[in-house]
Amino acid sequence: MATPLFQAPKGTRDVLAPESERQRALIACFAERAIGAGFGQVVTPIFEELGVFERIGEATELVSKEMYAFEDKDGRRLALRPELTASVVRAFVQHRPPTPWRAWYEGPQFRYEKPQAGRYRQFTQVGAEILGTDDPHADVEIIALAWRFYEAIGLTRVSLLMNSLGDPTCRPAYLEALSSYLHERSADLTEQSRATLEVNPLRVLDSKRPPDQEIIDAAPSMADHLTDEVAAHFEAVTQGLEALAIPYRLSPRLVRGLDYYQRTTFEFAADALDSAQNAIGGGGRYDGLAEQLGGPPTPGVGFALGVERMLLACDAEGAFTAPDNSPQVFVVDVTGGAEASALADQLRQHGIRADRGFDQRSMKAQMKLADRSGAAWAVLIGDEELAQGVVTLRDLRGDQGQTTIERRALVERLLARPATNGEP
RNA sequence: GUGGCCGUAGCUCAGUUCGGUAGAGCCCCGCGUUGUGGUCGCGGUUGUCGCGGGUUCAAAUCCCGUCGGUCACCCCA
């Protein structure tokens, strides 16, 4: 294919119907469930002051290397949001809604990454956050909302991985133990892991490079270093999941890339995707974030789910197909086109999805369009019908053939006989 | 960011090994019925062979660069 003059920038893509309808339906399904669980939508700007994201961790790659940062004409330092939790917490700090505050969101995010299947520079997430409580039941509610959503869209091959990362009272000691252990074995680590070790020892546990595995397997575990309080919290969360019969796997090496996470962290892996991009969602507790963004100390927990990746997983499982938005009626007008305008408008005003042909094409050509549109009915109008004030109503999918009816009875007739799109 | 693979009509792809100047199926358009789709038959349109440069009498085919996609690492949704 010859390269067009312009194309969507690298790592971005156009989504056309029906896939776009499918994406919209997925988000609508999430919205319905979030609202049903007491969450209200929060809509934040697509760009923020750069500092909002810098606070989420200099050691975080998405902050240090992947941000679309820029200056506006007044020299303000801004960035396209690389994730949404920081924006939501910033909004919380700015507006101080009563707690516990439950918010859900959806929208695009931007990271300057090397694109791959399921990895885009602009991608869409849906998510939810609860701020103002560190009750383990909040963690459970958050996880359950995500889990039940996967169920609702028909994804069955999803694994929930759980871990606790400790908190500021116990993590430093663990980090020290881990760091000294890794330093002892650093000669056997890959070069990349040695570099990571200096920036964030925790992240070394994430390495998938084979030479590192043996060392990582024998590394000290966070689970053994949790304070009683943090361990009890985690225990309460897992018990809560069990009470709801939500299956999970403990994953002591689950680290996650955002530095603000502490205590509960979790990730959802789509087992139907065999690529490395199988994480279709993740989240955790970020009790220190509100304070870092200049607000009062406020615990928080939330998750974000990748819309594009969920849809890839749905493809792999044959789940959540695009909704059928075909017109119910296609108007075929061989008198010039004005009657099609009038009839389609009338049908649409009554909530009937209607399409029509253009360019005064032959009846044969318009019938072909009618068929391809997926419409259940064709409404035909020619010179004879026009003269007599009638239309011909033709059943395109069933065996009702065609009849001539009074033009003024058309709407009533169609409303009385719902379309049977796609049905034989 | 590092490394591998791929890039031919709107779509899926053949042709690239051993250079000779572009093909199939689908889609689309028309006709078979000057008022009727889906099946069938007949006919037809469509390509700077991703882009740029080089080698050659000659390049889709070989070489270099570049852009885009993809896979692994990385990162993560």
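Every chain is numbered from 1, with letters handed out A, B, ... down the list of sequences. Since the structure is predicted, the reported quantities are computational estimates derived from the model, not experimental observations.
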(message) If only side-chain N and O atoms count, and only distance matters, is there a donor-acceptor pair under 3.5 Å linking Ser207(A) with Gln192(A)?
(response) no
(message) Testing the 3.5 Å rule here: is there a donor-acceptor pair between the side chains of Thr264(A) and Asp139(A)?
(response) yes
[N] and [M]: how far apart are their [atom1] atoms, nearest whole angstrom?
N       : M       : atom1 : result
rG15(B) : rG53(B) : C1'   : 25 Å
rC28(B) : rG68(B) : P     : 33 Å
rG1(B)  : rU48(B) : P     : 29 Å
rA9(B)  : rU45(B) : C1'   : 11 Å
rC11(B) : rG47(B) : C1'   : 14 Å
rG69(B) : rU61(B) : P     : 22 Å
rG41(B) : rU46(B) : C1'   : 23 Å
rC67(B) : rG52(B) : P     : 15 Å

(message) Tell me which pairs pass salt bridge (charged side-chain N to carboxylate O under 4.0 Å, His left out) where either residue lies in residues 188-197 of chain A, with sequence neighbours left out.
(response) Arg185(A)-Asp188(A)
Quick one: which protein N/O atoms are closer than 3.5 Å to N/O atoms of nucleotides 1-3 of chain B? Pair and distance per line, please.
| unit_1 | atom_1 | unit_2 | atom_2 | d |
| --- | --- | --- | --- | --- |
| rU2(B) | O4 | Lys114(A) | NZ | 3.2 |
| rG3(B) | O6 | Lys114(A) | NZ | 3.4 |

(message) Quick check for you: to the nearest 0.5 Å, what is the distance between His225(A) atom NE2 and Ser164(A) atom OG?
(response) 13.0 Å
(message) How long is the straight-line distance from CZ of Arg111(A) back to OH of Tyr120(A), given to the nearest 0.5 Å?
(response) 14.5 Å
Tabulate atom names and distances for all N/O pairs under 3.5 angstrom spanning the protein and nucleotides 42-45 of chain B.
none

(request) Write out all pairs satisfying side-chain hydrogen bond (donor to acceptor under 3.5 Å, both in side chains) with one or both partners inside residues 9-20 of chain A, taking only residues at least two apart or from two chains. (result) Glu19(A)-Arg22(A)
(message) Centre-to-centre under 6.0 Å for Phe266(A) and Phe268(A), is that the case here?
(response) yes
(request) Would you please name every residue forming a salt bridge (Lys or Arg N to Asp or Glu O under 4.0 Å) with Glu291(A), sequence neighbours left out? (result) none
(request) Please identify each residue that fulfils salt bridge (Lys or Arg N to Asp or Glu O under 4.0 Å) with Arg102(A), with sequence neighbours left out. (result) Glu141(A)
(message) So if I define the base as every atom that isn't primed, P, OP1 or OP2, how would nucleotides 26-39 of chain B read as a B/S/- string at a heavy-atom cutoff under 4.0 Å?
(response) --SSS-B--BBBS-
(request) May I ask you to test the Ile142(A)-His137(A) pair for a side-chain heavy-atom distance under 4.5 Å? (result) no
(request) Please tell me if the side chains of Leu155(A) and Ile280(A) come closer than 4.5 Å, counting only heavy atoms from C-beta onward. (result) yes
Within this structure, what is the [atom1]-to-[atom2] distance between [X] and [N], rounded to whole angstrom?
X         : N       : atom1 : atom2 : value
Phe123(A) : rC75(B) : CZ    : P     : 16 Å
Leu205(A) : rC74(B) : CG    : C1'   : 16 Å
Glu66(A)  : rA77(B) : CD    : C1'   : 12 Å
Glu267(A) : rC76(B) : CD    : C1'   : 8 Å
Phe6(A)   : rC51(B) : CZ    : C1'   : 15 Å
Arg81(A)  : rA77(B) : CZ    : P     : 15 Å
Leu80(A)  : rA77(B) : CG    : C1'   : 16 Å
Gln7(A)   : rC51(B) : CD    : C1'   : 10 Å

(request) Applying side-chain hydrogen bond (donor to acceptor under 3.5 Å, both in side chains), name anything that partners Lys65(A), two or more places apart in sequence or on another chain. (result) Glu61(A)
What donor-acceptor contacts under 3.5 angstrom involve side-chain atoms of residues 245-255 of chain A, with partners at least two apart or in another chain?
| unit_1 | atom_1 | unit_2 | atom_2 | d |
| --- | --- | --- | --- | --- |
| Tyr248(A) | OH | Glu242(A) | OE2 | 2.5 |
| Arg253(A) | NH1 | Asp217(A) | OD1 | 2.6 |
| Arg253(A) | NH2 | Gln213(A) | OE1 | 3.1 |

With a 4.0 Å cut-off on heavy atoms, is [X] in touch with a base, just the backbone sugar-phosphate, or nothing at all?
X         : answer
Ala370(A) : nothing
Arg209(A) : sugar-phosphate
Phe268(A) : nothing
Gly127(A) : nothing

(request) Look through every strand shown and name the nucleotide pairing with rA72(B) as Watson-Crick or G-U wobble, where both distances are under 3.5 Å. (result) rU2(B)
(request) Report the base-pairing partner of rG65(B) (Watson-Crick or G-U wobble, both distances below 3.5 angstrom), or none. (result) rC51(B)
(request) Kindly state which residues belonging to residues 9-46 of chain A come within less than 4.0 angstrom of RNA chain B, counting heavy atoms of the residue only, listed by number. (result) Lys10(A), Gly11(A)
Can you give me every donor-acceptor pair (side chain of residues 363-370 of chain A, partner residue at least two apart or in another chain, under 3.5 Å) with its distance?
| unit_1 | atom_1 | unit_2 | atom_2 | d |
| --- | --- | --- | --- | --- |
| Gln366(A) | OE1 | Asp333(A) | N | 3.1 |
| Gln366(A) | NE2 | Asp333(A) | O | 2.9 |
| Gln366(A) | NE2 | Arg361(A) | O | 2.8 |

(request) Using side-chain contact (heavy atoms from CB on, under 4.5 Å) as the criterion, point out the one residue from Val301(A), Asp167(A), Leu165(A) that pairs with Arg263(A). (result) Asp167(A)
Atom pairs and distances, donor-acceptor, side-chain atoms in residues 41-49 of chain A, under 3.5 Å, two or more places apart:
| unit_1 | atom_1 | unit_2 | atom_2 | d |
| --- | --- | --- | --- | --- |
| Glu48(A) | OE1 | Arg90(A) | NH1 | 2.9 |
| Glu48(A) | OE2 | Ser87(A) | OG | 3.2 |
| Glu48(A) | OE2 | Arg90(A) | NH1 | 2.6 |

(request) Classify the side chain of Arg309(A) versus the base of rC76(B) as yes if they form a donor-acceptor pair under 3.5 Å and no if they do not. (result) yes
(request) Between Lys208(A) and Gly281(A), just flag the one whose closest nucleotide in RNA chain B comes earlier from the 5' side. (result) Lys208(A)
